[in-house]
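Shown next, in structure tokens, is the structure this report addresses.
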Amino acid sequence: MGFPRLPGVAALLTAGAVVVSGCGTQIASRTAAPPPSGSAASVAPPAAAKSAPSAEPEPAVEAPRKTLRLGAKGSAVKWLQKRLTELGYRPGKADGRYGGTTLAAVWAFQKVNGIKPTSTIARRTWQALETPKAPRVLARNGRPTRAEVDLTKQVMVLYVRGKVKLITHVSSGSNIPYCETTTWQGRKQRFCGSASTPTGNYRTTWRVSGWHKSYLGQLYNPIFFNGGIAFHGALSVPLHPASHGCVRMPMNVAEELPGLLGKGVPVHVRGRFRG
């Protein structure tokens, strides 16, 4: 059985939808289930940006200052994409097309810089792109190579050797208790849980390449760090927490992350979303 490819802009604009593609911490279930195993056929999502950001924000540059809306095309969009890549975000290929992948990077940038996330690129966002803020450090005594998840801002930052390597928009656990009935291991079972992403200090453990079927849905390139909770790509990464407990991220970021985040790397989860 095949799995759907990334449908483009629409996948990132489902701000009101909760797609069963996450994972969670079970707090009660009628039938216990072992950890999921195996993986499904791999799907090739969009290629990730390859440029590596520097440790500190780049010096001030002059932005185009042209108001951009989703679907825009042209040199101003290409400038935006290149600038976001320089700063550690992942807007996808600098092709001058403002689509869903670039939108997710814009959201991450706006949140780090204290701007309410929106698809419109206007004065405040252009100004911040000229003189950007660095992401807030959550684990001040953390290892030089670590991942930090800010649940308040819904952002993940990856540090490699003490420098910011990647910053991305994420969607964590919704904190809405759930009960799901699904066919798992050949029979219908019911799973209930808290849909939370617990704060704390963890380390990356096992992973799967490509699509992985869990009892709560499909995870792309999951990297587990707290029991059944993982970083993974998803076809829906809305602005609010929407998963069963995992940390969802855009597909292009999930495609790149396994090459940057090894096993046994510290993961620090902090904050609380206040929508």
Side-chain angles (χ1 to χ4, degrees), residues 21-26 33-40 42 45 48-55 88-90 108 134-173 193-194 196-234 237 241 243-271:
S21 62
C23 47
T25 304
Q26 275 189 270
S37 61
S39 61
S42 177
K50 301 299 182 183
S51 302
S54 58
Y89 301 86
R90 296 299 188 268
R136 183 169 65 94
V137 175
L138 303 181
R140 296 199 172 277
N141 297 318
R143 294 289 181 89
T145 297
R146 66 189 187 279
E148 296 187 351
V149 181
D150 187 334
L151 298 180
T152 304
K153 292 184 179 294
Q154 294 289 285
V155 167
M156 188 274 271
V157 181
L158 175 64
Y159 295 88
V160 176
R161 299 186 182 93
K163 297 183 178 181
V164 173
K165 187 70 174 179
L166 181 152
I167 310 170
T168 183
H169 158 69
V170 300
S171 178
S172 62
S194 63
S196 65
T197 304
T199 56
N201 303 313
Y202 311 98
R203 287 184 181 272
T204 55
T205 55
W206 63 293
R207 65 187 61 204
V208 176
S209 296
W211 285 103
H212 173 68
K213 182 179 181 180
S214 81
Y215 54 84
L216 291 175
Q218 303 292 339
L219 321 178
Y220 185 75
N221 277 359
I223 301 175
F224 292 85
F225 62 87
N226 177 15
I229 293 178
F231 295 118
H232 71 84
V237 191
S243 81
H244 287 93
C246 276
V247 178
R248 297 184 191 176
M249 52 186 55
M251 293 289 279
N252 68 305
V253 178
E255 178 72 9
E256 182 181 2
L257 191 62
L260 301 175
L261 183 59
K263 186 176 181 179
V265 175
V267 177
H268 304 281
V269 184
R270 302 284 190 273

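When a residue number appears, it is its place in the shown sequence, counting from 1.
Contact detail for G173 and P241: the closest heavy-atom pair is O-CB, 3.2 Å. Across all non-hydrogen atoms, the minimal contact from F225 to A230 is CE2-C, 3.7 Å. Closest approach of H268 to G142, counting heavy atoms only: NE2-CA, 4.3 Å. Minimum heavy-atom separation, S194 to S196: OG-OG, 3.0 Å.
Between F231 and the choices V149, V170, L219, the side-chain contact (heavy atoms from CB on, under 4.5 Å) rule is met once, by V149. Under the side-chain contact (heavy atoms from CB on, under 4.5 Å) test applied with P222, the options V247, V208, I229 reduce to a single match, V208.
Under the rule for a side chain to side chain contact (heavy atoms under 4.5 Å, CB included), the partners of V160 that lie at least two apart in sequence or sit in another chain are T145, L158, K165. In this structure, T197 has no side chain to side chain donor-acceptor pair (under 3.5 Å) partners at least two apart in sequence or on a different chain. Judged as a side chain to side chain donor-acceptor pair (under 3.5 Å), and not counting sequence neighbours, the contacts of R146 are E148. Not counting sequence neighbours, the partners of R270 by the side chain to side chain donor-acceptor pair (under 3.5 Å) test are N201. Considering only residues two or more places apart in sequence or on other chains, R136 meets the salt bridge (charged side-chain N to carboxylate O under 4.0 Å, His left out) condition with D150.
The side-chain heavy atoms of N221 and L257, taken from C-beta on, include no pair separated by under 4.5 Å. Annotation: side chain of P135 is not in contact with side chain of V155 (no heavy-atom distance under 4.5 Å). Side-chain contact between H169 and V237: present, with at least one pair of heavy atoms (C-beta onward) separated by less than 4.5 Å. H232 has its side chain out of reach of M249: every pair of non-hydrogen atoms, C-beta onward, lies at least 4.5 Å apart. Under the 4.5 Å side-chain criterion, counting only non-hydrogen atoms from C-beta, R203 is in contact with R143.
Sorted pairs that involve residues 215-226 and meet salt bridge (charged side-chain N to carboxylate O under 4.0 Å, His left out), not counting sequence neighbours, are lacking altogether.
In this structure, CG in L260 is found 6.5 Å from CG in L166, a value given to the nearest 0.5 Å. Distance check: C246 SG to N226 CG gives 9.5 Å after rounding to the nearest 0.5 Å. Considering OG1 of T168 and CG of N252, their distance stands at 7.5 Å, rounded to 0.5 Å.
Side chain of T204 to main chain of V265: a donor-acceptor pair is present (N/O by atom type, distance under 3.5 Å, no hydrogens or angles). Looking at E256, its side chain never comes within 3.5 Å of a backbone N or O of V253 through a donor-acceptor pair. In terms of modelled atom types and a separation under 3.5 Å, the side chain of R90 and the main chain of G88 share a donor-acceptor contact.
Between F224 and W206, the ring planes lie parallel to each other; the angle is under 30°, not in the 30° to 60° tilted range.
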